[in-house]
Structures are given as structure tokens and as C-alpha cells.
K.L.:
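Below is a structure I'd like to ask you about.
No experiment lies behind these values; they were computed from the predicted model shown. Along the sequence shown, residues carry numbers from 1.
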Amino acid sequence: QVQLVESGGGLVQAGGSLRLSCVASDLTFGNYAMGWFRQAPGKEREFVAAISRSGGSTSYADSVKGRFTISRDNTKNTVYLQMHSLQPEDTAVYYCAASSRVGIRTLTRLYDYWGQGTQVTVSS
């Protein structure tokens with residue numbers, strides 16, 4: 001059974017940093033593009049960042065560009081999201097997801113597997 005398990009969330013002050021990790025099991029990790037999404041209370045889940053199967057291509061939402069970096073280690077079945085200059089509007093549950101489709105995808109419906117999420121709270 002495929003599992004994606006996120007970790008690294010927490011409470012941080014505005015301007016701070018966090019690094020999220022997502023470990024995948026029971027899937028051929030290198031065959032999946034990976035993405036990070038987030039969902040704030042009362043809002044729809046939104047795209048944050050994605051990375052291609054090899055890690056050679058990445059994509060970011062405009063709201064996080066220049067502050068967040070997605071990366072992956074295919075030897076560890078792990079995808080990361082390094083977050084800097086966090087702001088209160090970044091507060092959300094952050095989810096990682098895996099997509100079997102070729103290329104980088106930003107739509108939630110194009111992802112096959114999802115983790116349970118990790119809470120990120122940024123205080124002002």
C-alpha cells in the first residue's frame with residue numbers, strides 16, 4: 001500500500017524557516033513527479049511546488065517563488081520543501097503528492113497519491 005508521510009511542520013515566527021520532508025513507500029519513487037500543496041482553513045487546496053521525476057525541473061506558485069525550494073532524493077524516496085521568509089499567509093496544512101504523469105503537474109486531480117499532511121503555522 002502506497003504511503004506518503006510528511007514531517008517537519010510546526011509553529012514558526014514570521015520571517016522564519018522550516019523544511020518539510022515527505023517519505024514515500026511502496027512505489028517506484030523515481031517514476032513519479034512529486035508536488036507540495038497546501039490548504040488553509042476555509043480555502044481550497046492549492047498548488048505550492050512540484051518537481052519532475054529526475055529532479056531536473058521544478059515549478060512554483062507565484063506566492064512562494066523565491067522563498068520556497070523543492071528538491072528530492074531518489075535514493076531516499078524523499079521529497080523536501082525548504083521554506084524561508086515564512087509569512088502568516090503561509091499558514092496551512094501542507095500535503096505532498098505523487099503523480100505518475102509525465103512532466104510537472106499543478107492540478108490536484110492529476111496526482112495519484114496523497115499524504116496526510118503536516119501543519120505549518122506562522123505567527124506574526
Side-chain angles (χ1 to χ4, degrees):
Q1 182 177 351
V2 174
Q3 279 194 314
L4 301 177
V5 180
E6 303 97 336
S7 63
L11 173 64
V12 64
Q13 289 188 332
S17 299
L18 284 174
R19 187 175 85 152
L20 306 183
S21 300
C22 172
V23 180
S25 59
D26 288 332
L27 84 169
T28 305
F29 189 69
N31 287 353
Y32 288 80
M34 300 297 295
W36 285 97
F37 293 77
R38 66 187 182 186
Q39 188 166 17
K43 295 187 176 181
E44 292 189 353
R45 193 169 298 188
E46 65 175 3
F47 169 75
V48 174
I51 189 166
S52 62
R53 296 173 176 183
S54 67
S57 297
T58 57
S59 180
Y60 297 91
D62 287 343
S63 59
V64 307
K65 205 169 291 183
R67 301 188 298 124
F68 291 11
T69 303
I70 188 171
S71 61
R72 66 189 294 162
D73 185 340
N74 286 357
T75 67
K76 296 182 179 179
N77 284 12
T78 303
V79 61
Y80 305 96
L81 185 68
Q82 179 68 57
M83 306 184 292
H84 294 297
S85 302
L86 284 161
Q87 300 302 315
E89 52 266 35
D90 295 315
T91 295
V93 177
Y94 283 71
Y95 299 89
C96 74
S99 173
S100 60
R101 293 159 178 83
V102 175
I104 292 178
R105 305 297 175 177
T106 63
L107 300 177
T108 57
R109 61 180 174 85
L110 297 180
Y111 282 79
D112 304 290
Y113 302 105
W114 291 83
Q116 293 299 306
T118 185
Q119 176 71 48
V120 172
T121 303
V122 184
S123 63
S124 57

K.L.:
Give the minimum heavy-atom separation between Ser59 and Ile104, together with the two atoms involved.
P.N.:
CB-CG2, 3.7 Å
K.L.:
Which residues satisfy the ring-ring contact (aromatic ring centres under 6.0 Å, His included) test with Tyr94, sequence neighbours excluded?
P.N.:
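Result, ring-ring contact (aromatic ring centres under 6.0 Å, His included) vs Tyr94: none returned.
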K.L.:
To check you understand the geometry: which heavy-atom pair defines the closest contact between Ala33 and Gly103, and what is its length?
P.N.:
CB-O, 3.5 Å
K.L.:
Indicate if Val23 and Tyr113 have the same hydrophobic cluster label, given that clusters are the connected sets of ILVMFWY residues with side-chain heavy-atom separations under 4.5 angstrom.
P.N.:
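Cluster IDs for Val23 and Tyr113 differ.
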K.L.:
Is there a donor-acceptor pair closer than 3.5 Å between any side-chain N or O of Gln13 and the backbone N or O of Ser123?
P.N.:
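Between the backbone of Ser123 and the side chain of Gln13 there is no qualifying donor-acceptor contact (under 3.5 Å).
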K.L.:
Does Glu46 use its side chain to pair, donor to acceptor, with the backbone of Glu44 at less than 3.5 Å?
P.N.:
no
K.L.:
Shortest non-hydrogen contact from Ser21 to Tyr80?
P.N.:
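Smallest heavy-atom distance, with atoms named: OG-CD2, 3.4 Å.
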K.L.:
Just wondering, more than 12 heavy atoms not from Gln116 lying within 6.0 Å of its CD?
P.N.:
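Open.
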K.L.:
So which atom in Ser85 and which in Ser17 form the shortest heavy-atom distance, rounded to 0.1 Å?
P.N.:
N-OG, 4.4 Å
K.L.:
Using every non-hydrogen atom in the two residues, find where Phe29 and Ala24 come nearest and quote the distance to one decimal.
P.N.:
CD1-CB, 3.6 Å
K.L.:
Around atom NZ of Lys43, are there more than 12 heavy atoms from other residues, nucleotides or ligands closer than 6.0 Å?
P.N.:
no
K.L.:
How many angstroms lie between OG1 in Thr121 and CG in Asp90, if you round to the nearest 0.5 Å?
P.N.:
11.0 Å
K.L.:
Say whether, by atom type as modelled, one donor and one acceptor occur between the side chain of Glu6 and the main chain of Cys96 under 3.5 angstrom.
P.N.:
yes
K.L.:
Within this structure, what is the NE2-CZ distance for the pair His84 and Arg67, rounded to the nearest 0.5 Å?
P.N.:
11.0 Å
K.L.:
Answer yes if Val2 and Val79 sit in the same cluster of Ile, Leu, Val, Met, Phe, Trp and Tyr residues linked by side chain heavy atoms under 4.5 Å apart, and no otherwise.
P.N.:
yes
K.L.:
Between Val120 and Leu20, does the side chain to side chain contact (heavy atoms under 4.5 Å, CB included) criterion hold? Intermediate values first, please.
P.N.:
CA-CA 9 Å; Val120 172; Leu20 306 183; 4.1 Å; yes
K.L.:
Could you tell me whether Trp114 and Phe37 have their ring centroids closer than 6.0 angstrom?
P.N.:
yes
K.L.:
Among the clusters formed by ILVMFWY side chains lying less than 4.5 Å apart, do Leu86 and Tyr95 turn up in the same one?
P.N.:
no
K.L.:
Run the side chain to side chain contact (heavy atoms under 4.5 Å, CB included) test on Thr69 and Tyr60 for me, step by step, so that the C-alpha distance in whole Å, both residues' side-chain angles and the decisive distance to 0.1 Å come before the verdict.
P.N.:
CA-CA 8 Å; Thr69 303; Tyr60 297 91; 3.8 Å; yes
K.L.:
Does any N or O in the side chain of Arg72 come within less than 3.5 Å of the main-chain N or O of Ser52, such that one atom is a donor and the other an acceptor?
P.N.:
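Confirmed, Arg72 side chain pairs with Ser52 backbone.
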K.L.:
Do Leu4 and Ile70 belong to the same hydrophobic cluster, where Ile, Leu, Val, Met, Phe, Trp and Tyr are linked whenever their side-chain heavy atoms lie under 4.5 Å apart, directly or via other members?
P.N.:
yes
K.L.:
Would you compute the distance between atom OG1 of Thr118 and atom CG of Leu81 and round it to the nearest 0.5 angstrom?
P.N.:
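Atom-to-atom, Thr118:OG1 and Leu81:CG are 11.0 Å apart.
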K.L.:
Before giving the answer on side chain to side chain contact (heavy atoms under 4.5 Å, CB included), spell out for Arg38 and Val64 the whole-Å C-alpha distance, their side-chain angles and the decisive distance to 0.1 Å.
P.N.:
CA-CA 12 Å; Arg38 66 187 182 186; Val64 307; 4.0 Å; yes
K.L.:
Hey, quick one: are Phe68 and Trp36 part of the same hydrophobic cluster, counting side-chain heavy atoms closer than 4.5 Å, chains of contacts allowed?
P.N.:
yes
K.L.:
Hey, does the side chain of Asn74 reach the backbone of Arg53 with a donor-acceptor pair shorter than 3.5 angstrom?
P.N.:
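Yes; at least one donor-acceptor contact below 3.5 Å.
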K.L.:
Begin with the C-alpha distance, continue with both residues' side-chain angles, and end with the deciding distance and a verdict on side chain to side chain contact (heavy atoms under 4.5 Å, CB included) for Thr91 and Gln119.
P.N.:
CA-CA 8 Å; Thr91 295; Gln119 176 71 48; 4.0 Å; yes
K.L.:
When you measure from the side chain of Arg45 to the backbone N and O of Thr108, does any donor-acceptor pair fall under 3.5 Å?
P.N.:
no
K.L.:
Specify the closest pair of heavy atoms between Ala98 and Tyr32, including all atoms of both residues, with the distance to one decimal.
P.N.:
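The answer is CB-CD2, 3.8 Å.
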K.L.:
With distance as the sole test, does Arg19 use its side chain to make a donor-acceptor pair with the main-chain N or O of Gln82 at under 3.5 Å?
P.N.:
no
